[in-house]
There are 2 protein chains.
Amino acid sequence: MLFHFKDKLPQLNHYWDKYLEFQKRIDVPAKTVLLKEGTVSGNYIFLEKGCIRAYINNNGVEKTVQFFFENEGLASLESFLENTPSLLTVETIESSIVYLLPKKFVNKLMADLGSEPGFVNMIIKMMAERQIHYMNEFVSFIRDTPEQRYLNLLHKKPHIIQRVPQHYIASYLGISRVHLSRIKSALTRKK
Amino acid sequence: MLFHFKDKLPQLNHYWDKYLEFQKRIDVPAKTVLLKEGTVSGNYIFLEKGCIRAYINNNGVEKTVQFFFENEGLASLESFLENTPSLLTVETIESSIVYLLPKKFVNKLMADLGSEPGFVNMIIKMMAERQIHYMNEFVSFIRDTPEQRYLNLLHKKPHIIQRVPQHYIASYLGISRVHLSRIKSALTRKK
DNA sequence: ATATTTTTGTAACAAATGTTATCGTGCAGG
DNA sequence: CCTGCACGATAACATTTGTTACAAAAATAT
């Protein structure tokens with residue numbers, strides 16, 4: 001659904017640079033919506049500074065699906081590729097600096113680079129990585145208890161826990177914020 | 001993680017045919033393990049007849065992740081691409097007829113077809129579809145109650161419910177088989 | 001046809017998780 | 001320096017879901 005991009009292809013920096021002029025650099029406060037659920041994704045979003053979350057709104061209840069930090073890029077893959085309305089809303093958590101690259105330039109870029117040796121393999125590898133990422137998230141949801149999921153996050157992505165407000169993390173873990181509080185206090189008591 | 005293959009590329013049937021001789025056709029009874037958790041995936045698996053499930057074993061408890069039916073193919077993408085041990089076990093539900101295509105021929109096939117016009121785009125599109133599939137599964141887990149997930153399955157993939165034993169479906173929905181029974185009886189009472 | 005295994009339903013109880021409400025803390029904006 | 005507001009902890013209670021156990025029905029093997 002969402003995929004990283006720019007940082008995966010450092011050896012093509014000279015290509016990226018050709019597109020820099022088409023990007024719009026914007027400086028936005030916290031809680032700014034960059035892509036709204038129900039609209040068609042028009043930009044590839046690259047995050048220079050700050051912190052973003054993607055969430056799905058289920059009759060008033062927001063369920064966070066993913067977090068993004070410095071030097072990560074994203075697009076709603078489904079919406080981007082198929083011009084369908086996005087299921088997700090993308091919103092800043094902190095005040096952030098982002099670059100927006102309109103879709104038509106992304107398409108041009110893909111066309112330009114299609115013949116570049118190794119480019120296609122890189123794209124495939126990138127996509128495989130994203131797929132494996134979601135597969136693992138999915139399996140973890142099926143297999144692990146919320147406590148285990150919290151501990152996984154703590155060990156594998158401590159920066160998320162340090163930087164993101166706890167109620168967003170709770171919704172990312174699929175639990176209520178009260179329950180996450182309980183899990184945390186149970187863990188400190190165990191130690 | 002798992003991806004369909006052969007049925008997506010009918011216009012390349014003459015290519016596939018070149019590889020048919022390398023495939024092994026086997027006829028196996030129900031509950032035959034085709035790929036065991038912890039081993040490296042060595043074959044692309046194509047299902048001619050029957051029914052297969054992929055599951056992950058969590059200290060004795062099996063969690064079903066996906067079902068496959070006639071004319072669907074699969075490989076543990078992660079294990080296949082990266083030669084890592086598979087997280088999943090793949091096992092027949094009914095007695096089935098499957099074709100196994102060893103990985104080295106799949107690799108050869110990819111190399112042979114790499115220059116074929118449109119082939120790469122097709123691969124990318126296929127992978128995007130798989131990614132969107134897992135994304136949707138993932139979102140559904142976060143967003144929907146077990147009852148909603150059951151109803152989704154009932155409406156969108158009724159063949160699964162008709163054909164697969166209920167306790168596998170329960171584990172696919174992420175709930176106990178008792179709870180699925182409760183959901184079903186609650187639904188019939190509502191009607 | 002009979003025996004055996006698999007699958008399903010249901011009840012009773014236990015554990016996990018959600019909901020609502022309240023309180024305290026810290027931080028951002030006036 | 002205040003004053004809200006966002007955030008997090010906790011308690012009490014409600015609901016959901018899991019677990020275990022048992023029985024019946026259905027499928028499969030002998």
Side-chain angles (χ1 to χ4, degrees), chain A residues 28-32 50-51 53 55 58-64 67 91-96 140-151 153-154 160-191, chain B residues 27-33 50-51 53 55 58-64 67 91-96 140-151 153-154 160-191:
Chain A
V28 294
K31 305 208 178 187
T32 303
C51 175
R53 74 193 175 105
Y55 65 86
N58 196 33
N59 36 292
V61 184
E62 293 176 359
K63 308 280 189 170
T64 299
F67 299 107
E91 185 180 298
T92 54
I93 293 176
E94 308 170 356
S95 79
S96 305
S140 167
F141 249 95
I142 297 182
R143 183 190 52 199
D144 302 330
T145 65
E147 179 173 315
Q148 286 171 318
R149 282 172 53 72
Y150 175 74
L151 288 172
L153 202 62
L154 197 57
I160 291 183
I161 290 185
Q162 286 156 18
R163 197 159 161 190
V164 172
Q166 187 168 309
H167 57 289
Y168 294 148
I169 293 177
S171 97
Y172 177 69
L173 295 173
I175 60 180
S176 68
R177 56 196 219 285
V178 175
H179 194 52
L180 179 53
S181 252
R182 279 195 286 242
I183 287 171
K184 284 181 66 177
S185 70
L187 285 173
T188 56
R189 251 176 287 121
K190 278 182 193 171
K191 276 188 276 189
Chain B
D27 191 336
V28 294
K31 305 208 177 188
T32 304
V33 171
C51 175
R53 75 192 173 105
Y55 64 86
N58 197 33
N59 36 292
V61 184
E62 293 175 0
K63 308 280 189 169
T64 298
F67 299 106
E91 186 180 297
T92 55
I93 293 175
E94 308 169 358
S95 79
S96 304
S140 167
F141 248 96
I142 297 182
R143 182 189 52 196
D144 302 330
T145 65
E147 180 173 313
Q148 286 171 318
R149 282 172 54 72
Y150 174 74
L151 288 172
L153 203 61
L154 197 58
I160 292 182
I161 289 184
Q162 285 155 18
R163 200 160 160 190
V164 172
Q166 189 169 306
H167 56 287
Y168 294 149
I169 293 177
S171 97
Y172 177 69
L173 295 174
I175 60 180
S176 69
R177 63 206 163 101
V178 175
H179 194 53
L180 179 53
S181 252
R182 279 196 285 240
I183 287 171
K184 284 179 67 177
S185 70
L187 284 173
T188 56
R189 251 176 287 122
K190 277 183 193 169
K191 274 187 277 189

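In what follows, chains carry the letters A, B, and so on, assigned in the order in which the sequence lines appear, proteins first and then strands, with residues in each chain numbered from 1. All values derive from a computational prediction rather than experimental measurement.
- Here H167(A) reaches the OP1 or OP2 of dG8(D): one of its side-chain N or O atoms lies under 4.0 Å away.
- Spacing between atom CD of Q162(A) and atom C1' of dG8(D) amounts to 17 Å, rounded to whole angstrom units.
- Using a 4.5 Å heavy-atom threshold, the side chains of L187(A) and L151(A) count as touching.
- If you check dT7(C), dT10(C), dT10(D) against the side chain of S185(A), the one that comes closest is dT10(D).
- Between the P atom of dT6(C) and the CD1 atom of I169(B) lies a distance of 19 Å, rounded to the nearest Å.
- Going from atom CZ of R189(B) over to atom P of dG9(C) covers 12 Å, rounded to whole Å.
- Scanning all heavy atoms of the two residues, the minimum distance from L153(A) to I169(A) falls at CD2-CG2, 4.0 Å.
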**Study point:** Heavy-atom protein contacts under 4.0 Å, nucleotides 13-20 of chain C, coded B base, S sugar-phosphate only, - none
**Key:** ----BBBB

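- One finds a side-chain N or O of K184(B) lying less than 4.0 angstrom from the OP1 or OP2 phosphate oxygen of dG9(C).
- The distance between atom OH of Y168(B) and atom C1' of dA27(D), rounded to the nearest whole Å, is 13 Å.
- Between K31(A) atom NZ and dC7(D) atom C1' the separation is 10 Å, expressed in whole Å.
- Put simply, Q166(B) has no side-chain N or O that comes within less than 4.0 Å of OP1 or OP2 on dT6(C).
- Inter-axis angle, ends of the helix from dA1(C)-dT30(D) to dG30(C)-dC1(D), five pairs per end, rounded to 10 degrees: 50°.
- In this structure, OG1 on T64(B) lies 7.0 Å from CD1 on I93(B), to the nearest 0.5 angstrom.
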Check your understanding: Would R189(B) and S185(B) count as a side-chain contact (heavy atoms from CB on, under 4.5 Å) if you check the C-alpha gap in whole Å, the side-chain angles of each, and the deciding distance to 0.1 Å?
Key -> CA-CA 6 Å; R189(B) 251 176 287 122; S185(B) 70; 3.1 Å; yes

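- Rounded to whole angstrom, the span from the CG atom of L187(A) across to the P atom of dA9(D) amounts to 12 Å.
- Under 4.0 Å is where a charged nitrogen must lie from a carboxylate oxygen, and between K31(B) and E91(B) no such pair does.
- For the pair R163(A) CZ and dC7(D) P, the computed distance is 15 Å after rounding to whole Å.
- Side-chain contact between Y172(B) and V164(B): absent, with no pair of heavy atoms (C-beta onward) separated by less than 4.5 Å.
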Exercise for review: Evaluate the side-chain contact (heavy atoms from CB on, under 4.5 Å) criterion for residues I175(A) and I183(A): first the C-alpha distance (whole Å), next the side-chain angles of each, then the deciding distance (0.1 Å), finally the verdict.
Suggested key: CA-CA 10 Å; I175(A) 60 180; I183(A) 287 171; 3.8 Å; yes

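- Within 6.0 Å of CZ in R177(A) there are 12 or fewer heavy atoms belonging to other residues, nucleotides or ligands.
- By the side chain to side chain donor-acceptor pair (under 3.5 Å) test, T145(B) pairs with Q148(B), sequence neighbours left out.
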